[in-house]
Amino acid sequence: MFDWVQHMADWIVYDLIQLDPQAHLANALNFFIYDSVKILLLLVIVIFFMGIVNSYFPIDRVKNYLSRNKLYGLEYLMASLFGVVTPFCSCSSVPLFIGFVRGGIPLGVTFSFLITSPLVNEVAIGLFVGLFGLKTTVIYVVSGVLLGTISGIILSRLRLERYLSPWVLEVLANAQRDQDLFQQEKQSLAQRLPVIWSEVLEILKGVVPYVIVGIAIGGLMHGYIPNGFFEQYMSKDNLLAVPIAALMAVPMYSNASGVLPIVQVLVAKGIPLGTAIAFMMGVVGLSLPEAMLLKKVMTIKLIGIFFGIVTLCIIISGYLFNIIL
Amino acid sequence: MKKIKVLGTGCPKCIQTTQVITDAVNQSGVEASIEKVEDIMEIMKYNVMSTPAVVINDEIVIKGRVPSVKEVVELLN
């Protein structure tokens with residue numbers, strides 16, 4: 001599907017600029033051009049598709065659905081799946097949290113949504129397909145959804161409501177499975193497309209600089225780090241590698257766009273995929289700025305438990321990946 | 001005189017929205033006051049779950065995205 005991009009990259013590097021195909025610089029540049037074009041195309045496709053899905057399942061509808069239906073345990077999975085199609089902005093996490101609480105949605109279900117939403121998002125999926133291929137992407141998405149589901153179930157078992165901020169408890173006491181009237185927008189797809197498309201451009205504008213820088217760094221590393229370089233330090237047998245990767249990643253704040261291209265090179269140079277994915281999930285799924293925002297609605301203790309459980313699940317999935325792949 | 005409120009907890013998108021609203025008000029020539037609401041309790045009174053949101057005369061007209069100037073001008077008229 002992307003052969004023509006490779007031809008174009010070859011033509012630019014070897015014919016137009018006339019670099020020696022044997023040189024490191026030529027390889028690095030070729031890799032950079034090929035990866036950038038391919039990934040940008042994939043991002044446009046995935047973000048656009050998710051935009052369409054999201055346009056028909058806006059967050060209010062998701063909330064009403066979860067609030068209205070008794071799903072006998074499936075609500076965690078549903079919340080997690082909804083998290084995939086909802087674009088996540090950490091600044092929206094607080095209003096979203098309160099909205100869910102007010103709608104009478106159990107805390108654990110809300111957590112399921114909050115975990116999966118940043119972890120599996122349109123940008124991460126687009127990058128994953130471009131960098132690791134379809135199969136790894138499917139495994140990543142499925143494990144992200146399961147991770148959100150399972151963490152949510154564990155968190156609900158711990159009965160954490162008492163650790164919410166006092167004013168949120170008040171909201172909780174008045175919670176009702178109400179159906180906020182929400183103006184269902186009866187628009188045709190053609191009417192929706194301009195709005196969806198402008199959203200696509202908006203998201204792209206935000207991530208493209210990171211993607212380009214990430215790919216540039218990746219391209220340089222690709223040309224200069226010898227193959228198998230990391231294998232001696234971080235083999236699959238090294239049991240500490242996964243937890244260290246995950247713990248290192250949690251305080252780091254970056255979106256998937258900057259980290260993934262670099263992770264891909266690390267994997268190509270010998271870091272096991274599971275270890276790399278644990279790192280990536282830690283960076284994308286949990287961040288300190290998000291914790292600061294959540295402080296408005298929950299106590300530090302609850303944030304600690306929340307992050308702790310999710311980190312634990314990330315570490316477990318890292319090990320699983322290393323065993324399966 | 002229209003009362004416009006921009007609801008948002010202070011993220012870049014909310015700041016951008018306020019800028020768009022200001023531009024739109026200037027462009028349309030409609031008389032309006034613009035207020036930025038950053039307090040989360042205040043925001044929750046409007047029952048929005050995704051910010052930024054724009055409220056004109058106590059009616060939520062936009063939520064969860066940054067509108068275009070053109071769009072806001074149309075809403076104002």
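Lettering of chains follows the sequences in order, A, B, ..., and the numbering in each one begins at 1.
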Asks: Applying side chain to side chain contact (heavy atoms under 4.5 Å, CB included), can you list everything that pairs with A:E202, at least two apart in sequence or on another chain?
Replies: A:K205, B:Q16

Asks: Around atom NZ of B:K2, are there more than 12 heavy atoms from other residues, nucleotides or ligands closer than 6.0 Å?
Replies: yes

Asks: Partners of B:K3 by side chain to side chain donor-acceptor pair (under 3.5 Å), sequence neighbours excluded?
Replies: none

Asks: Any side-chain heavy-atom pair from A:P95 and B:V48 closer than 4.5 angstrom?
Replies: no

Asks: Tell me, for A:V195 versus chain B, whether the close heavy atoms (under 4.5 Å) come from the side chain, the backbone, both or neither.
Replies: side chain

Asks: Select one option (side chain, backbone, both, neither) describing which atoms of A:F97 are under 4.5 Å from chain B's heavy atoms.
Replies: neither

Asks: More than 12 foreign heavy atoms under 6.0 Å from CD1 of A:I300: is that the case here?
Replies: no

